[in-house]
Number of protein chains: 2
Amino acid sequence: MPKETFFNLQADKRNLIISVAIYEFSKADYNTASINQICKKACIAKGSFYQYFADKLDLYVYVMTSAIEEKIKFFSSTITEFHNLTLLEQFRFLFKKGIEFAKKHPKYAALGEQFSKESDETAKSAVIKEGNKQSETLFMQMIHNAKAKGEIDNKVDTLALTLLLQSLNSAIYKYMQDKFESISYEHNEKDINAFVDSLLYIVFNGIKIKTD
Amino acid sequence: MPKETFFNLQADKRNLIISVAIYEFSKADYNTASINQICKKACIAKGSFYQYFADKLDLYVYVMTSAIEEKIKFFSSTITEFHNLTLLEQFRFLFKKGIEFAKKHPKYAALGEQFSKESDETAKSAVIKEGNKQSETLFMQMIHNAKAKGEIDNKVDTLALTLLLQSLNSAIYKYMQDKFESISYEHNEKDINAFVDSLLYIVFNGIKIKTD
DNA sequence: TGACAAGGTGACCAGGCGGTCATATAATAT
DNA sequence: ATATTATATGACCGCCTGGTCACCTTGTCA
């Protein structure tokens with residue numbers, strides 16, 4: 001956690017530091033990201049930085065957990081209608097919400113993507129200890145409920161489906177990044193939605209020729 | 001490409017350097033991996049290293065492309081029987097071959113996994129330029145053939161399925177890593193095969209309740 | 001006005017990095 | 001025995017890193 005001094009800062013300055021840090025940590029992994037660069041871009045002295053944060057890890061954990069909290073907040077705000085939906089609708093809803101989040105908060109999304117690649121174990125576990133793993137249990141619970149309701153094939157392995165869905169998340173993100181490189185957002189919205197529906201079609205119907 | 005001096009080296013020394021480099025580059029990303037450490041562990045002087053390789057990138061590209069070549073060699077040796085198989089059997093074959101490869105050459109597999117996370121664009125594109133993208137086109141061709149043969153549902157989007165299958169690859173790798181952390185290989189072989197089959201069951205049959 | 005606290009600063013530290021180079025050694029050819 | 005070539009070496013370079021600290025500025029009370 002940042003020191004008290006940091007929270008006593010003017011909001012403008014505080015926000016600048018955080019947004020610079022988000023940029024730095026989404027651009028490069030933990031070891032490569034540089035405190036010196038963050039200080040320079042945020043126009044603060046090195047010494048000031050260490051009056052706000054205990055060390056590099058302190059800032060990293062703070063920024064990452066903020067992004068996670070933001071995402072949870074974003075999702076939970078519209079999840080009330082959730083139990084009325086079928087599983088297909090729930091999945092589509094989640095994926096589309098995910099895309100929406102990435103479009104609304106591209107910096108947080110990039111941060112999350114960078115975190116999922118992070119190979120520094122110290123940095124990784126420091127963030128995870130701070131409270132995570134929600135998405136896995138969320139998927140599992142959804143699947144469990146749908147099975148109980150007789151909505152999906154009992155032969156489907158819950159864990160396998162969970163990992164599959166998590167994989168799809170990053171596949172969608174990669175697809176988005178490719179599409180969004182230099183073209184306008186609006187223009188690609190249809191493409192991405194179609195891509196999500198294609199993935200969901202496979203997951204629900206399988207790829208085998210149907211007999212009916 | 002390494003300099004001539006490197007290839008004039010005794011095989012033992014050459015292999016030691018390479019295996020140390022493989023270890024270093026599979027443990028950490030391109031920027032974090034250290035030439036100094038490689039020299040120390042391979043018992044060669046810094047100056048010697050730069051008589052073998054032009055720079056860090058030279059070694060990186062050499063090691064990565066070696067791993068890719070090794071994997072291609074491993075696959076192509078047993079792929080003759082391929083056209084007799086159904087698509088399901090082909091996919092199962094590929095995934096199981098992948099697992100086999102990771103078990104036989106865990107260091108190459110770890111290297112590949114690290115590469116897929118690499119965020120240094122210079123390092124990444126230097127390797128890709130050296131010849132890659134085979135797996136994507138392989139999957140696409142397989143799907144295309146299967147569609148022509150009427151083996152899979154035409155409503156399935158080829159690109160979506162390709163990205164899905166690539167995602168599954170890394171999902172399987174993660175599952176393996178979890179399982180293999182401290183227990184014997186043999187003991188988990190059944191688990192992993194079952195996991196692969198669970199994934200393939202979903203991909204082929206979908207998760208929806210069947211009417212037949 | 002003076003005292004005390006809180007915040008801001010950048011030179012400085014030790015250590016690591018990728019990369020160089022003059023020099024030393026070994027092996028070969030004349 | 002000498003000259004020539006190929007290889008081995010580690011001190012050294014400039015640069016960057018995360019982190020420290022003595023000093024300076026600012027603001028708030030008395």
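Predicted, not measured: the structure shown is a model, and the values here were computed from it. Proteins come first, then strands; the chains are lettered A, B, ... in the order of their sequence lines, and each starts at number 1.
Running 5' to 3' along DNA chain C, contacts with non-hydrogen atoms of chain A at under 4.0 Å begin and end at dG7(C) to dG10(C).
The aromatic rings of F74(B) and H105(B) stand perpendicular to each other, their planes meeting at an angle above 60°, with 30° marking the opposite boundary. Using the six-membered ring where Trp is involved, F6(B) and Y62(B) have ring planes that are perpendicular, over 60° apart on the 30 and 60° scheme.
At the heavy-atom level, Y52(A) lies under 4.0 Å from the strands shown only through sugar-phosphate atoms.
Note that K56(A) lies in the cation-pi zone of Y30(A), set by a 6.0 Å cut-off to the ring centre and a 45° limit from the axis.
Side chains of F25(A) and F115(A) form no contact here, defined as non-hydrogen atoms less than 4.5 Å apart. The side-chain heavy atoms of H144(B) and T158(B), taken from C-beta on, include no pair separated by under 4.5 Å.
Rounded to the nearest 0.5 angstrom, L87(A) CG and I143(A) CD1 are separated by 7.0 Å.
Distance alone, capped at 3.5 Å, places no donor-acceptor pair between the K46(A) side chain and the I35(A) backbone.
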Q: Heavy atoms under 4.0 Å is the rule here; annotate nucleotides 11-23 of chain D 5' to 3' with B where the base is hit, S where only the sugar-phosphate is, and - elsewhere.
A: ------BBBBB--
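Atom NZ of K3(A) has more than 12 heavy atoms from other residues, nucleotides or ligands within 6.0 Å.
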Q: Given side-chain contact (heavy atoms from CB on, under 4.5 Å), test L161(A) with M140(A) step by step and report yes or no.
A: CA-CA 9 Å; L161(A) 179 56; M140(A) 285 191 107; over 6 Å; no
(Q) K41(A) vs E24(A), test: salt bridge (Lys or Arg N to Asp or Glu O under 4.0 Å). Steps then yes/no. (A) CA-CA 10 Å; K41(A) 279 172 190 157; E24(A) 185 74 12; 3.8 Å; yes
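DNA chain D lies under 4.0 Å from no heavy atom of any residue of residues 4-26 of chain A.
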